[in-house]
Amino acid sequence: MKERYDFRELEAKWQEEWEKNLLYKVTERGDKPKYYALEMFPYPSGNLHMGHVRNYSIGDVVARFKTMQGYNVLHPMGWDAFGLPAENAAIKHGNVHPSEWTWSNINNMRRQLKAMGISYDWAREVATCHPDYYKWTQWLFLLLFKNGLAYKKKAAVNWCPSCATVLANEQVVDGACERCDTIVEKKDLEQWFFKITAYADRLLDDLQKLPGWPEKVKIMQQNWIGRSTGVEFNFTVENTGEDIPVFTTRHDTVFGATYLVLAPEHPLVEKLTAGTPHEAKVREFVQRVRQLKEMERTSADTEKEGIFIGAYAINPMNGEQVPIWTANYVLMDYGTGAVMGVPAHDQRDLDFSRKYSLPVRIVVQPLGEQLDPETLVTAYDEEGFMVNSGQFNGLPSEEAKERIADHMEQQQIGRRRINFRLRDWLISRQRYWGAPIPIVYCQGCGAVPVPEKDLPVELPLKVEFKPTGDSPLTTNPDFLNTTCPTCGKPAKRETDTMDTFVDSSWYFLRYCSPDAPEVYDQAKANYWMNVDQYIGGVEHAILHLMYSRFFVKVLYDLDWLDYEEPFQNLLTQGMVLKDGGKMSKSKGNTVSPEEIIAKYGADTARLFILFAAPPERDLEWSDQGVEGCFRFLNRVWRLVYNYVPQLEGVSLYQDEELDVEARNLRRALHAGVKKITDDITQRFNFNTGISAIMEMVNALYHYKDQVPQEQQYLPLVKEGLWLLTHVLAPFAPHITEEMWQALGGSGSIHQRPWPKFDPAALVQDQVTIVVQINGKVRDRVQVPANLSASEMEQEVMSMDRVIRLLAGKEVVKVIPVPDKLLNIVVK
RNA sequence: GCGGGUGUGGCGGAACUGGCAUACGCGCUGGACUUAGGAUCCAGUGGGGCAACUCUUGGGAGUUCGAAUCUCCCCACCCGCACCA
């Protein structure tokens, strides 16, 4: 028997062998269906963590399994390599350039990934910080620019003082920077935006085309896009006659408006108070509110506060005069920055009205109830029947909505309108380590796109890393100063770089043709896309996944791609926990993948992480669990090498007659293959798949130890070990390769077809039937399979135990479940 | 507050369309082999009871011959969103 399971030697050997033979290299081909398996590429922080190991182990099983099932599988890997940590390292240590830092991290992490034995086609590796890549990121910026989807505007933007850069709306979490938790400030800056709002409807509606996405992620995107349908109509300022447009989704309650509220930033607040006795107090209020941090301002817990500005407006529906207020709870950047206050039917308005003693008027009454405006504490925001609403009285509120909208449109008071919560995507970053925005500013010509032939606009190496709030690129005059591509006069380059989410919004397309002399080869992209299975953390539910969907839709519209959605199926893997909490450096509960691999090998690490929990659930790390998986692989190893000498020259099982023990073994083996296949195909339940493999191993051990050696049927054992190595191969690729070779297999096991189970082997001639009396299990009995209901009943009724238990009772009913169960109902 | 999820032995988790609850693994107990075992193998392992038996899937009700699974109410924890008019 071969010595022990020396995973160190064996894993290194096979990794080298696979690389030498280009085992995982793929090209487009017509003879097999394609399958694109993709895991979210990592930021090269320096070392793999367990979350990566889990992500890539899941992806590798999918890729290897699909390969064995006969698909032509694309399984690439790369690096999301631009971003702040590299630059912060440069600021902190002074002597290490972000480029150097990043590339050395990439080299280290590539080595770690290779040590995991994952089946990547490394020839397709991309790194977003490489000029060959960001050249095309810049090209895509220009494509959007030319199509009116990239524009510059001055806006109050989110500014992180610690990162010294602006942030996209999506990168602000609870009013703080998603990266460093610093409270975000508002700053008025000229910045570049992508017009993602132009795709709001499609980004929302097309979620329905993604049945292979988790409901949770779709709902998160849906909420983020936040479509609401309503009307926009004008109140008119009394005396001065200015229009104040308001947006509402509850136009059925328009007769219940008893006041109007403007956001503190609303231009009319200043205008209508100028020179009036209210001016000073209102200005003081507005300044106080504007000084509040974003978080305090927008939190629902913040007490509603406001002030009457001294003017009145006319409700166009009933000609009524209502006071105009300004208040902290109305936001300038949603809708029109002005809302009608309907206290009876909106809780916020009711709270506000009670505080400032504003009138409350019921205009929708629930069926069979009479709300009292004097005592109302909970606003009634459901459907009902119209009251106090002129010509609309008596209508159901839903119908009144339509009629009022019609009326407004006919009378040209207002119009139906859809509003989105989604904002345009702010992509400018005042940082160095990103793709430069390919724009030149010329005094005469304005913002001029860099011509395609001049791409990439390369990042200069020589800059100063100081977090000043200006891009470090401003410190390099050779970069900054250029000539206008249009008129040739001196001009300045844009010094901001792009948000790194731009880089990652299209990398899956570049993988299809990593060396293409254009953004990607259309034919190849159309061959490989969509990604059949995308796997990654749920933290990307909104940002990355929505931006990528946006990019793909733009490319689809511009005839660059035949597909409208990038990711057909999405699996969001759970976190890796230790001691009940997420593994993190600050908690000090991390486990190093590198150490685990050194101690037990990659096969054990992969097996454990797939066995410990289903992929979408959180996984509790257990050192003892790892130990158990290591023991299991050793157990498999001993089993195989115990038989290797005996199996020499033995042919594979071919349908011969088997004795009882052998038949039981064969049934267990084929039942195992069936279960693993189902578990992977139907729901990626690798944990139960692995448990089925363990049962196969247990069955083989049982046969080996319980049946005298001279009676063991070796052709069947050979079949068993063949099946075993094949189904284990996607999970533990190295050890199975080694054992396959030892068992006389030719070629790589990873290029073998996935085994089919033999339905004939599953047939049982005896089955165990559960005997229940009044639904309680009382006994079990062995009977021939396929008995009819009455035969079953006859068998059961003649059992001693059943006769005893039924003595003196009256049988009311007998419920038979063929080959499974018989329930006797008695009184 | 709204939305989504989870709740099963000492632990991680199984149970597919309602049909043997606790597969598989960890841990634990006992034994075998051994100079030794932290290697390996065998047996046992939800609770109560000497036993026949009985109780048990967060809690409570219901549907059903039969419920971890379906329906209703409640509780706990986790995640996401949160003044969006």
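Reminder, nothing fancy here: chain letters follow the sequence lines and each chain counts from 1. Below, all heavy atoms of this structure are taken into account, side chains as well, without hydrogens, waters or symmetry copies.
Nearer to the 5' terminus of RNA chain B, by closest-nucleotide assignment, is the contact made by A/E627 (compared with the other of A/E627 and A/Q706). Toward the 5′ end of RNA chain B lies the nearest nucleotide of A/N687, the other residue of the pair A/I815 and A/N687 mapping further downstream.
In this structure, A/G628 reaches the sugar-phosphate backbone alone: every heavy-atom distance under 4.0 Å involves primed, P, OP1 or OP2 atoms, never a base. Residue A/N698 is classed as a sugar-phosphate contact, given heavy-atom separations below 4.0 Å to backbone atoms only. The residue A/R778 sits close only to the backbone: its heavy atoms come under 4.0 Å of sugar-phosphate atoms, none of a base. Nucleic acid contact for A/I219: sugar-phosphate only, since backbone atoms but no base atoms lie under 4.0 Å from a heavy atom of the residue. Looking at heavy-atom distances under 4.0 Å, A/V825 makes contact with sugar-phosphate atoms alone, never a base. If you check every strand for non-hydrogen atoms under 4.0 Å, A/S622 touches nothing. When heavy atoms are screened at a 4.0 angstrom cut-off, A/V330 is found touching base atoms of the nucleic acid. In this structure, A/R780 reaches the bases: a heavy-atom distance under 4.0 Å links it to at least one base atom across the strands shown. If you check every strand for non-hydrogen atoms under 4.0 Å, A/E215 touches nothing. Backbone-only contact: A/P614 has heavy atoms under 4.0 Å from sugar-phosphate atoms and none from a base.
Nucleotides B/A14 and B/C74 are separated by 28 Å at their P atoms, to the nearest Å. Atom name C1', nucleotides B/C79 and B/G27: the rounded distance is 30 Å, in whole Å. To the nearest whole angstrom, the two C1' atoms, one in B/U69 and one in B/U57, are 10 Å apart. Taking the C1' atoms as reference points, B/C50 lies 33 Å from B/A67, given to the whole Å. For the C1' atoms, the distance from B/G66 to B/C73 is 24 Å, rounded to whole Å. Taking atom P on both nucleotides, B/A68 is separated from B/C16 by 12 Å, rounded to a whole Å. B/A76 and B/G60 are spaced 16 Å apart, taking the P atom of each and rounding to whole Å. To the nearest whole angstrom, the two C1' atoms, one in B/G59 and one in B/C75, are 7 Å apart.
Under the Watson-Crick and G-U wobble criteria, each requiring two contacts below 3.5 Å, nucleotide B/C2 is paired to B/G80. Searching all strands for a Watson-Crick or G-U wobble partner of B/U40 with both distances below 3.5 Å returns B/A32. Searching all strands for a Watson-Crick or G-U wobble partner of B/A51 with both distances below 3.5 Å returns nothing. Nucleotide B/G62 has B/C70 as its partner under the Watson-Crick or G-U criteria, with both atom distances under 3.5 Å. Base pairing of B/G10 is made with B/C26, judged by Watson-Crick or G-U wobble geometry with both donor-acceptor distances under 3.5 Å.
Side chain of A/V777, nearest nucleotide from B/A85, B/C20, B/C83: B/C20. Of the candidates B/C83, B/A15, B/C41, the closest approach to any side-chain atom of A/R638 belongs to B/C41. Checking B/A85, B/C65, B/C16 against the side-chain heavy atoms of A/N823 singles out B/C65 as nearest. Of all nucleotides listed (B/A82, B/A85, B/G27), B/G27 comes nearest to the side chain of A/Q624. Distance from the side chain of A/Y334 is smallest to B/A85 among B/G19, B/C24, B/A85. The listed nucleotides are B/C79, B/G25, B/G19; the one nearest the side chain of A/K216 is B/C79. Set against B/G12, B/G19, B/C83, the side chain of A/E620 has B/G12 as its closest nucleotide. In this structure, the nucleotide among B/G25, B/G19, B/A23 sitting nearest to the side chain of A/F611 is B/G25.
Dashed line: the shortest gap from a side-chain N or O of A/S228 to OP1 or OP2 of B/A85 is under 4.0 Å. The side chain of A/R421 contributes no N or O atom lying less than 4.0 Å from OP1 or OP2 of B/A85. Listed pair A/R631 / B/G38 fails the phosphate criterion, with no side-chain N or O lying under 4.0 Å from OP1 or OP2. OP1 or OP2 of B/A39 has not a single side-chain nitrogen or oxygen of A/R4 nearer than 4.0 Å. One finds no side-chain N or O of A/R801 lying less than 4.0 angstrom from the OP1 or OP2 phosphate oxygen of B/A52.
With salt bridges taken as basic N to acidic carboxylate O contacts below 4.0 Å, one links A/K355 and A/E303. In summary, A/D678 and A/K674 engage in a salt bridge, as defined by a charged side-chain N under 4.0 Å from a carboxylate O. With respect to A/D252 and A/R250, a salt bridge is recorded, a charged nitrogen being found less than 4.0 Å from a carboxylate O.
Separating the CZ atom of A/R617 from the C1' atom of B/G4 is a distance of 15 Å, rounded to the nearest angstrom. Protein atom CG of A/L260 is 11 Å distant from nucleotide atom C1' of B/A85, rounded to whole Å. The interatomic distance linking A/N685 (CG) with B/A14 (P) rounds to 7 Å, in whole Å. When rounded to the nearest whole Å, the span between CG of A/D618 and P of B/C78 equals 12 Å. If you measure from atom OH of A/Y701 to atom P of B/G25, you get 12 Å, rounded to the nearest angstrom. Rounding to whole angstrom units, CG of residue A/D381 and P of B/C83 are separated by 16 Å. For the pair A/L331 CG and B/A82 C1', the computed distance is 12 Å after rounding to whole Å. Between A/K776 atom NZ and B/U56 atom P the separation is 8 Å, expressed in whole Å.
With hydrogens and angles left out, the side-chain atoms of A/T197 and A/D424 include a donor and acceptor closer than 3.5 Å. When only modelled atom types and interatomic distance are considered, A/Y5 and A/T604 share no side-chain donor-acceptor pair under 3.5 Å. In this model, a donor atom of one side chain and an acceptor atom of the other lie less than 3.5 Å apart for A/Q712 and A/Y643.
Donor-acceptor pairing under 3.5 Å, judged by distance alone, is absent between the side chain of A/K813 and the base of B/C65. The base of B/C81 has none of its N or O atoms less than 3.5 Å from a complementary donor or acceptor on the side chain of A/N223.
Annotated as anti: B/G5, whose O4'-C1'-N torsion sits more than 90° from 0.
Residue pairs satisfying the salt bridge (Lys or Arg N to Asp or Glu O under 4.0 Å) criterion with at least one member in residues 615-633 of chain A, sequence neighbours excluded, are absent.
A/V363 and A/T253 make their closest contact through CG2-CA, 3.7 Å (heavy atoms, listed as atom of the first residue, atom of the second, distance). Contact detail for A/L350 and A/A379: the closest heavy-atom pair is CD2-N, 3.6 Å.
In this structure, CZ on A/F608 lies 15.0 Å from CZ on A/F630, to the nearest 0.5 angstrom.
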